[in-house]
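Below you'll find the structure, written out as structure tokens, and then a few comments.
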Amino acid sequence: MNHRFEYSQIADLRKNLAITGHTTIQLMSGSMSPVLKTGDTATIEPVAIDDLVMRDIIVFWSDDKLICHVVWAHSTMRSASGERMIVTRGLASLHFDYPVRESEIIGRVKSHRIGALAFLWYQILNKFRLKR
């Protein structure tokens with residue numbers, strides 16, 4: 001099954017988000033497990049990069065795929081075109097993603113949240129996993 005998206009499909013998704021204020025997507029991987037699992041649906045809403053905070057779950061477009069990961073930090077780096085960027089990571093991943101450019105952000109997941117204590121637990125757990 002091919003889960004790649006063309007630019008026109010992403011443009012349609014963004015247009016739908018702007019008109020309706022929300023849309024749902026189905027997750028195709030377990031990178032956000034245990035908060036979001038493969039096959040779960042998530043409701044996303046439009047969001048500006050300035051409104052994103054640590055622990056927000058976002059959907060972004062990278063390498064022709066929609067990715068749903070958590071915001072770990074705003075980056076001080078800028079892309080070659082001057083765009084602001086954020087740092088993201090899947091909860092089940094040992095590695096951070098490449099910094100996400102502002103233009104790649106589709107929206108914020110509003111149907112699921114990560115509490116502060118749970119987020120701290122994931123950070124601690126990942127540090128132990130990295131040391132193995």
Residues passing the side chain to side chain donor-acceptor pair (under 3.5 Å) test with Asp50, sequence neighbours excluded, are Arg84
All heavy atoms of Ser111 vs all of Ala42, minimum pair found to be OG-CA, 3.4 Å
Evaluate the side-chain proximity of Thr88 to Val70: yes if any heavy-atom separation is below 4.5 Å, no if none is.
no
Sorted by chain and residue number, the ring-ring contact (aromatic ring centres under 6.0 Å, His included) partners of Tyr98 (sequence neighbours excluded) come out as none
What one should report as the nearest heavy-atom pair of Asp97 and Phe60 is OD2-CZ, 3.7 Å
**Asked** In terms of hydrophobic clusters joined by side-chain contacts under 4.5 Å, are Val59 and Ile67 together?
**Response** no
Cluster overlap Met54 with Val100, hydrophobic side-chain contacts below 4.5 Å: no
Task: Single-linkage hydrophobic cluster, 4.5 Å side-chain cutoff, Phe96 and Leu91 together - done: yes
Residue pairs passing the side chain to side chain donor-acceptor pair (under 3.5 Å) test with at least one member in residues 27-39, sequence neighbours excluded, are Ser29-Ser31, Ser31-His69
Correct closest heavy-atom pair for Met85 and Pro99 would be CE-CB, 3.6 Å
Of all heavy-atom pairs linking Gly30 and Ala92, the shortest is O-CB, 3.6 Å
For residues 6-25, the salt bridge (Lys or Arg N to Asp or Glu O under 4.0 Å) pairs (sequence neighbours left out) are none
Discussion item. According to a hydrophobic-cluster definition based on side-chain heavy atoms being under 4.5 Å apart (Ile, Leu, Val, Met, Phe, Trp, Tyr only), do Leu52 and Leu36 belong together?
Written reply: no
Find out if a path of hydrophobic residues (ILVMFWY) with successive side-chain heavy-atom gaps under 4.5 Å connects Val87 to Val47. no
Ser103 meets the side chain to side chain donor-acceptor pair (under 3.5 Å) criterion, sequence neighbours left out, with Glu83
Sorted by chain and number, sequence neighbours left out, side chain to side chain donor-acceptor pair (under 3.5 Å) with Asn16 holds for Thr23
Residues Ile86 and His74: closest non-hydrogen pair is CG2-ND1, 3.6 Å
Only residue of Ile58, Ile25, Leu66 satisfying side chain to side chain contact (heavy atoms under 4.5 Å, CB included) with Ile44 is Ile25
Note to self: Run the side-chain contact (heavy atoms from CB on, under 4.5 Å) test on Leu13 and Ile106 for me, step by step, so that the C-alpha distance in whole Å, both residues' side-chain angles and the decisive distance to 0.1 Å come before the verdict.
What the structure shows: CA-CA 8 Å; Leu13 177 60; Ile106 304 296; 3.7 Å; yes
| Asp63 atom CG, neighbour heavy-atom count above 12 within 6.0 Å | no
Can a donor-acceptor pair be found, under 3.5 Å and without considering hydrogens, that links the side chain of Arg101 to the backbone of Gly82? no
